[in-house]
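FYI, the numbering just counts along the sequence from 1.
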Amino acid sequence: MRNFGLTWILSVGMLIVIVIPPYDFSTVVLNTEKSYPEYKLLETYGEFGGFKSTARLVYVINTTILMGIPYLIPVFILVFRHKIFKQINEVQTHLSDRTKKASLDLVRALTMQAMFPMICLIPNVAYFVLSQSIHNPFVIAEFIPFPTCIIPCLIDPMLTIYYVAPYRSFVTRRRRSVAAALTVSVAPSSTRTI
């Protein structure tokens, strides 16, 4: 409950703090048009919003926290994974070998499923940092976030099928039944006509 509460307090606090400073959309539009005249954003999209004072300490802290998440969460996941493995190995007298193996496989699967989204965020964060530090970033890099966000959706079901025994047996049975249904057997005929 404490970790859940801290997560909510931090998230809601970050959202509230960024709306406290006054909005000045006209300054944002002018600064953006001045920084990126080649995009002609005002002509293309009309008036748009944003935050004028992104150099203030509040925004720097929020950005640092948001950019640190993809790097810190995998570290926490691996620390907790190590603790869980240690605990499972310590109570090995109470668990059968099969239960122990299933528990370790489940922890491995959950670890990988938790790590993939974070790993896939790293290119997005790198692109953001690159685009902020270089005035004219690589144009192709703008498309990196889209495929990297899809990767966890493709990998998670495969990990579940591989590591969780009931799912693995279901898929194996299903694959065998489909293979059996597709197999055509021909019985020899005793009467042949030519």
Side-chain angles (χ1 to χ4, degrees), residues 1-20 51 54-133 137-138 141-177:
M1 288 303 289
R2 180 195 63 191
N3 292 343
F4 185 72
L6 286 174
T7 303
W8 272 98
I9 289 170
L10 182 65
S11 303
V12 171
M14 287 172 61
L15 290 172
I16 291 171
V17 167
I18 62 171
V19 297
I20 291 173
F51 300 104
T54 55
R56 293 180 81 189
L57 184 61
V58 170
Y59 294 105
V60 172
I61 291 171
N62 279 354
T63 304
T64 304
I65 290 170
L66 291 173
M67 295 301 141
I69 287 172
Y71 300 100
L72 292 177
I73 287 184
V75 171
F76 291 133
I77 290 170
L78 292 175
V79 167
F80 286 125
R81 176 183 184 256
H82 176 72
K83 289 182 178 185
I84 292 170
F85 273 18
K86 186 176 171 184
Q87 186 172 4
I88 289 173
N89 289 327
E90 285 176 359
V91 295
Q92 61 185 340
T93 57
H94 300 96
L95 300 174
S96 68
D97 288 338
R98 186 174 176 173
T99 304
K100 182 178 172 184
K101 182 184 179 321
S103 300
L104 292 174
D105 283 347
L106 184 61
V107 171
R108 284 186 189 103
L110 291 173
T111 302
M112 285 190 228
Q113 284 181 326
M115 295 279 279
F116 265 108
M118 295 304 132
I119 290 170
C120 292
L121 282 177
I122 291 173
N124 301 344
V125 172
Y127 168 70
F128 176 77
V129 170
L130 180 70
S131 69
Q132 298 301 313
S133 61
F138 305 108
E142 292 179 11
F143 300 102
I144 288 175
F146 303 111
T148 57
C149 291
I150 295 171
I151 291 171
C153 300
L154 299 173
I155 303 266
D156 277 354
M158 289 185 241
L159 289 173
T160 302
I161 290 168
Y162 182 77
Y163 280 106
V164 181
Y167 290 118
R168 185 173 54 237
S169 65
F170 172 77
V171 169
T172 306
R173 275 183 308 195
R174 185 79 173 156
R175 195 176 63 194
R176 285 182 188 151
S177 69

Mind jotting down which residue pairs meet the salt bridge (Lys or Arg N to Asp or Glu O under 4.0 Å) criterion with at least one end in residues 102-116? Sequence neighbours excluded, please.
Lys101-Asp105, Asp105-Arg108
Let me check something: any side-chain donor-acceptor pairs from residues 72-82 under 3.5 Å, sequence neighbours excluded? List them with distances.
none

CD/Gln87 to OG/Ser103 distance, rounded to the nearest 0.5 angstrom?
10.5 Å
Between side-chain atoms of residues 149-167 and protein atoms elsewhere (two or more places apart, or another chain), which donor-acceptor pairs fall under 3.5 Å?
residue, atom, partner, partner atom, Å
Thr160, OG1, Gln113, NE2, 2.6
Thr160, OG1, Asp156, O, 3.0

My understanding is that only residues two or more places apart in sequence, or in another chain, count here; which of them pass side chain to side chain contact (heavy atoms under 4.5 Å, CB included) with Arg173?
Ser169, Phe170
With sequence neighbours excluded, residues passing side chain to side chain donor-acceptor pair (under 3.5 Å) with Thr99:
Ser96
The criterion is side chain to side chain donor-acceptor pair (under 3.5 Å); which residues satisfy it with Thr111, sequence neighbours excluded?
none
